[in-house]
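Below is one structure; the comments refer to it alone.
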Amino acid sequence: MINNNNSNYNAVNINVLKGLEAVRKRPAMYIGDVSARGLHHLVNEVVDNSIDEALGGYNDIIDITINKDGSVSVEDAGRGIPVDIHPIEKRSALEVVMTVLHAGGKFDKNSYKVSGGLHGVGVSVVNALSEWCKVEVKRDGVLYFQEYERGFPKAPVREIGKTKKNESGTKVTFMPDNEIFKITKFRFETLAERMRELAYLNKEVTISIEDKIENRKEEYHFKGGIKEFVAFLDENRKPLHKPVYIEGERDETPLEIAFEYTDAYAENIHTYVNNINTIEGGTHLVGFKTALTRTFNNYAFKNKLVKDNKKITLTGDDFREGLTAIISVKVMEPQFEGQTKTKLGNSEVKSIVETIVGEKLAEYLEENPAVAKKIIEKGLRAAEAREAARKARDLIRRKNALDSMHLPGKLADCSINDPEHCEIYIVEGDSAGGSAKQGRDRRFQAILPIKGKILNVEKAKINKVLENTEIKSMISAIGAGVGIDFDADKSRYGKVIIMTDADVDGSHIRTLLLTFIYRHMKELIAQGKVYIAQPPLYKIKKGKEESYAFDEAERDTILKRMGIKSIKTERGEVDDSQVRGLTISRYKGLGEMNPQQLWDTTMNPDTRTLLQVDLEGIETEKIFETLMGDQVEPRRAFIEKNAKYANLDI
Ligand code: 0RA
């Protein structure tokens, strides 16, 4: 039994209390927000500590469990949090780690921890935001235990049993506090997705995740690491060669890169720093791009793979067409910049990556001339298409220059000019477009109807994309250019809202539109300017009372509120003939709503619900690729599986 000096214990507790209070008062400062995202971040925070143990070579197993009571356990086979009495704090180090902010790092200077950002805030933050938390530590043959309530220890650390010799590890179980979080239910998929990503990035670990409420379990272990990650991302594309793998270390900065070229046109580079997805890129990405362009150009020149024997310099873009890559670096003191603090700022990392990739890639190309030739040829074809695209863009630009009022004929623009307060609805079909034009508030709402299925930009060359009528009208309406010329700050609207029918076709069209914006106006999404309108699925009318429901569950809740129960037919549909004066209509499309209804349910800023589209989640790529790629089977399977949930979770 560890005996804390009691008076000391109380004195120290005053400081602890202050720290925990700060976290509970402003949780968003520590975990980003208190929505589902912040909630899941709690698990990631604990897992990060277990991963740190793995990076140090002390751990290779992490087990995550969503327990029956809704709490979560994270167990690892690391060294176990130290339990000896802390010389200054005069109490168990375990208690210090669990209750003092940022205490975790004090012990372990030489690890690739993350400073700033949302990660690396420490397990004490998880503890502070939990209704209760329990920790078990296996060390030196002893099982230690401590329990907390809202971060505050219930009793000193105690021994509760023995363990096998040489067995060590930590198990943290916590119940998120419903006084803090809006939602306290963990979603298996959200956790599993991150665990799979971590397993790809850290090939030495095996991560299991079990949901005891929904009886599901997954286990992730990828011997091939990020090489397998690349193959996974390209599941629905056709690779031109086996993944290239580069590994190296300089100035205590280890680097791992895997990439392959496919028959696709888009570029899919995902970068990580200390296992964090750096969505905004940064110096590691710049170093990689620079080395890639230079090395391929040198090789092409040396081996006379460019025409006419003269040195045509292919651009970086040419060598990134159809490229899927994972870049993973570990940086001791990372500086994160950018709007979402996901851009690596450390300038030294650029030259580290550039040097390693330059050397190793040149070596690879010498050893694999057939692959090298394929890639150079693909680059040359991309250069040709780039030239055609430049001409198409020039045409759009010239038209705009000649006539500054050159807006698409179908656009019903708004009357005020201030982009911040203006919004554009991109609406599927002319009839829905008509209703939207009549129903809107014309002062700040613009309507652009587009015809059915637009071009699938994932399958078309860039010059074809820019020749497409519907796409051209979107580009001119938004007025901020396209592709490398795109400047989100020039957008004529603060909100770009996609409004399609709530059916499978509508969801397909929405995906096509989102894919276009994602590939050619990405910054618009990054700035949070892209939204999805949520038209209702049902109208329920009983006497004079009228309600709208956005899904089946809401419909049933409304019916219940009206005192109507059990009117489901065998087909699961509501049979309205059984209740007098009740009509339930299911909207098949936006066109079925009159302008007033469309305004009330979907367009009025005071009553509508808009889904904001964000860039987060590696799954985005997979969703676009699954829906838009060449292969029909995965696409059909995906639509069948998800048709019920018309909303893409991006
Ligand atoms: C502080 C110091 C050491 C390890 C840890 C914390 C640690 C924390 C967590 C949280 C979950 N699992 C964990 N595993 C370890 C270093 C230990 C040493 O020097 O022996």
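In each ligand, atom 1 is the first atom listed, and ligand 1 is the first ligand listed.
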- [ ] Tell me yes or no: between the side chains of T283 and N346, is some donor less than 3.5 Å from an acceptor?
- [x] no

TODO: Verify whether one side chain among Q612 and Y531 offers a donor that lies under 3.5 Å from an acceptor in the other.
DONE: yes

Side-chain donor/acceptor pairs under 3.5 Å, residues 220-231, sequence neighbours excluded:
{"unit_1": "H221", "atom_1": "ND1", "unit_2": "V205", "atom_2": "O", "d": "3.0"}
{"unit_1": "H221", "atom_1": "ND1", "unit_2": "T206", "atom_2": "OG1", "d": "3.2"}
{"unit_1": "E228", "atom_1": "OE2", "unit_2": "K223", "atom_2": "N", "d": "3.4"}
{"unit_1": "E228", "atom_1": "OE2", "unit_2": "G224", "atom_2": "N", "d": "2.8"}

Could you tell me, atom by atom, which parts of ligand 1 come under 4.0 Å of a heavy atom of [X]?
X	answer
R139	17 (C), 18 (C), 20 (O)
N49	9 (C), 10 (C), 11 (C)
E53	4 (C), 14 (N), 15 (C)
I81	7 (C), 8 (C), 9 (C), 10 (C)

Open item on the list: Could you work out, for atom 18 (C) of ligand 1, the closest of E75, R79, E45 by heavy-atom distance?
Closed with: R79

- [ ] Look only at the side chain of H40 and the backbone of A36, and say whether a donor-acceptor pair between them is shorter than 3.5 Å.
- [x] yes

TODO: Would you mind checking if E179 and R150 are paired as a salt bridge, meaning a charged N to carboxylate O distance below 4.0 Å?
DONE: yes

TODO: Indicate yes or no: does E363 engage K360 in a salt bridge with an N to O separation below 4.0 Å.
DONE: no

Task: Close approach of P82 to ligand 1, heavy atoms, under 4.0 angstrom - done: yes

- [ ] Tell me, please: is D76 in heavy-atom contact with ligand 1, that is, under 4.0 Å?
- [x] yes

